[in-house]
Amino acid sequence: MSELRTSAPSTPVDRYFRISDRGSTLGREIRGGFATFFTMAYILVLNPIILGSAQDKYGHHLDPAQLVTVTALVAAVMTVIMGVAGNLPLALAAGLGLNAVVAFQLAPLMSWPDAMGLVVLEGLLICALVVTGLREAVMHAIPQQLKQAISVGIGLFIAFIGFVDAGFVTRIPGETGSVPVQLGASGHLSGWPVFVFCLGVLLTVALMARKVKGAILLSIVVTTVVAVVVNELADVPAQAWGLTVPAVPDDLVAAPDFGLVGSFSLFGAFGQIGLVTLVLLVFTLLLSDFFDTMGTVVGVSSEAGLLDEDGKVPHLGRILLVDGAAAVAGGAASASSNTSYIESAAGVGEGARTGFASVVTGGLFALALFLTPLATVVPAQAAAPALVAVGFLLMTQVRHIDWTSLDIAIPAFLTIVVMPFTYSITNGIGAGFLAYVVIKAVLGKAREVHWLLWATAALFTVYFAIDPVERLLGVK
């Protein structure tokens, strides 16, 4: 959908961010910024847990308090920059999956500063790809219906994340011959936290059906209040809530500790591991960051109606450059690679259409530097209903895919299902790309495939076959 001017801008903020041009209002942008923050505030807890639970080659651990600070700091700075420079309602923070690679693949082979130096190098490589136009060219080479399939797959993926985070869906422990997941913790719903989640889902969908303004944010706030009350009145074990217990914190203010900022070694890893291993590790980081971002940017822009007539994202070069710079900043601050968050779609669901929403979200992350105890009161059970609702909104784009044309329908199907089934946006995009080029080739339509898609498919072949490749090269 192209950007259509609906009313004359009346303030400098309105004119700069084109709020009226995009059919939004300042109130919607603020609500959207709050909704995005609350749906991704969990990273303030989760990133320190993932990075803090690992130790490097020398047995060193990163300080949890310092990790909370750098997680909030980089998210705040880079999200504001994205809003101002990219004018897209897209928030950035430490990437889940990427931080696991850093913690459990890089750190055991080297020191923490060396591992973070590799993250900085990965970010610099991404910036180089943006400057040369290669990253943007790859995104433009993707057929529009595959982009829509990416959005649908992301919708299912984040809805699944919501169900899992809330405990509505769980893994079956110790069951090898059964299905991998089940309803609740024991095959049926039980416990107050799951009740809070179900109440939140019903409240969210009811408010959406009634077209209540601020439905998603209102649901998060109300459900959080209910969760706090339930936790006070009922005998709920702390572990039942997961990472965040909805309790009124003892202290509202906590002083930030910037001790990890700048603690990285750009080339230290080169003396720790072999060159082939080093290249493969950086390649894994880069590929995951590259395509997770691509799927997120396309998904959020499509849901916000910001794609132009050719299905392209406006100001894409700037957006991708900021995203690459976020990876650099994350490594430099020891927060792990920062990347675009699909939870930004929660803000879009609230009506956000411009970068002003990102400025609001970034401001809240900056506030979280000092109010971390308060920012982490929202439990997963109160935020997850928003993910389910946004999953529905993204899923509606499935109607634009031509399911009668198998050369696009099959790749679209694989893109959609592989994302939630493997818990990875990158895996879904890779499966769709590979299927697309193979089907086009066997149908004698190879010339219809852009050469960049062929190159990308080749990279994904290596990505999926990374284990045998490592064994073949003798690095495993």
Side-chain angles (χ1 to χ4, degrees), residues 43 47-48 50-52 54-58 60-63 66-82 85 92-132 134-135 257-294 318-341 365 426:
I43 195 60
N47 194 48
I50 292 174
L51 293 177
Q55 62 181 22
D56 66 9
K57 180 180 179 179
Y58 305 101
H60 298 150
H61 289 268
L62 296 178
D63 180 80
Q66 293 176 337
L67 285 171
V68 172
T69 296
V70 295
T71 300
L73 174 66
V74 180
V77 173
M78 297 314 303
T79 298
V80 170
I81 292 176
M82 176 64 79
L92 301 95
L96 290 175
L98 289 166
N99 53 10
V101 172
V102 173
F104 305 116
Q105 288 185 246
L106 269 61
L109 300 175
M110 60 195 76
S111 69
W112 280 112
D114 294 341
M116 293 304 172
L118 285 187
V119 175
V120 174
L121 285 176
E122 173 254 336
L124 291 174
L125 284 174
I126 288 180
C127 290
L129 291 175
V130 174
V131 172
T132 59
L134 186 60
R135 196 180 190 190
D257 184 343
F258 299 100
L260 286 176
V261 176
S263 181
F264 71 98
S265 174
L266 194 59
F267 300 108
F270 287 82
Q272 301 293 320
I273 57 177
L275 181 60
V276 174
T277 302
L278 186 70
V279 170
L280 289 173
L281 287 172
V282 174
F283 175 76
T284 300
L285 277 173
L286 187 146
L287 204 61
S288 297
D289 200 351
F290 189 109
F291 287 101
D292 271 5
T293 295
M294 189 193 71
R318 276 184 276 172
I319 292 168
L320 296 179
L321 186 60
V322 173
D323 185 84
V328 176
S334 296
S336 180
S337 181
N338 273 231
T339 188
S340 303
Y341 259 58
F365 271 115
T426 299

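Computed from a predicted structure; not experimentally measured. Throughout, residue positions are numbered sequentially from 1 according to the sequence presented. Side chains are part of it too, since the values below use all heavy atoms of this structure and drop only hydrogens, waters and symmetry mates.
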**Study point:** Spacing of CD belonging to Glu122 relative to SG belonging to Cys127, to within rounding of 0.5 Å
**Key:** 9.5 Å

Review point. With sequence neighbours left out, what residues match Asn47 under side-chain hydrogen bond (donor to acceptor under 3.5 Å, both in side chains)?
Key: Thr71, Asn99

Review point. Hey, does the side chain of Ser337 reach the backbone of Ala327 with a donor-acceptor pair shorter than 3.5 angstrom?
Key: no

Check your understanding: Distance from Gln66 atom CD to Thr69 atom OG1, nearest 0.5 Å?
Key -> 7.5 Å

Check your understanding: Is a donor on one side and an acceptor on the other found under 3.5 Å between the side chain of Ser263 and the backbone of Pro113?
Key -> no

Revision key, fill the gap. One should read off an interatomic distance between Leu98 CG and Ile50 CD1, to the nearest 0.5 angstrom, of 10.5 Å

Check your understanding: Can you tell me how far OG1 of Thr293 sits from OH of Tyr341, rounded to the nearest 0.5 angstrom?
Key -> 11.0 Å

Exercise for review: Measure across Gly331 and Val120 and return the closest heavy-atom pair with its distance rounded to 0.1 Å.
Suggested key: C-CG2, 3.6 Å

Practice item. Please list, chain by chain and in numerical order, all residues satisfying side chain to side chain contact (heavy atoms under 4.5 Å, CB included) with His60, sequence neighbours excluded. Key: Asp56, Tyr58, Trp112

**Study point:** Gap separating the CG atom of Leu266 from the CG atom of Asp114, nearest 0.5 angstrom
**Key:** 10.5 Å

Revision key, fill the gap. Between Gly52 and His61, the two heavy atoms sitting closest are O-ND1, 3.3 Å

Point to revise | For Ser334 against Leu67, the heavy-atom pair lying closest together | key: O-CD2, 3.6 Å

Exercise for review: Please report the closest heavy-atom contact between Val74 and Ala335, naming both atoms and the distance.
Suggested key: CG2-CB, 4.3 Å

Check your understanding: Would a 4.5 Å heavy-atom cut-off, applied to side chains only, mark Leu260 and Asp63 as touching?
Key -> no

Practice item. Let me see the working for Met78 and Ile81 under side chain to side chain contact (heavy atoms under 4.5 Å, CB included), right down to the final yes or no. Key: CA-CA 5 Å; Met78 297 314 303; Ile81 292 176; 4.1 Å; yes

Check your understanding: Nearest heavy-atom pair of Leu51 and Met116: which atoms, and what distance?
Key -> CD1-CE, 4.4 Å

Point to revise | Main-chain N/O of Ser336 paired to Asn338 side chain as donor or acceptor, under 3.5 Å | key: yes

Revision key, fill the gap. Side chain to side chain contact (heavy atoms under 4.5 Å, CB included) filter on Leu129, not counting sequence neighbours, yields Leu134, Arg135, Leu286, Phe290

Review point. Do Phe365 and Leu92 come within less than 4.5 Å of each other through their side chains, counting heavy atoms only?
Key: no

Review point. Lys57 and Leu109: which non-hydrogen atoms are nearest, and at how many Å?
Key: CD-O, 3.6 Å

Revision key, fill the gap. In this structure, CE of Met110 is separated from OG of Ser265 (nearest 0.5 Å) by 10.5 Å

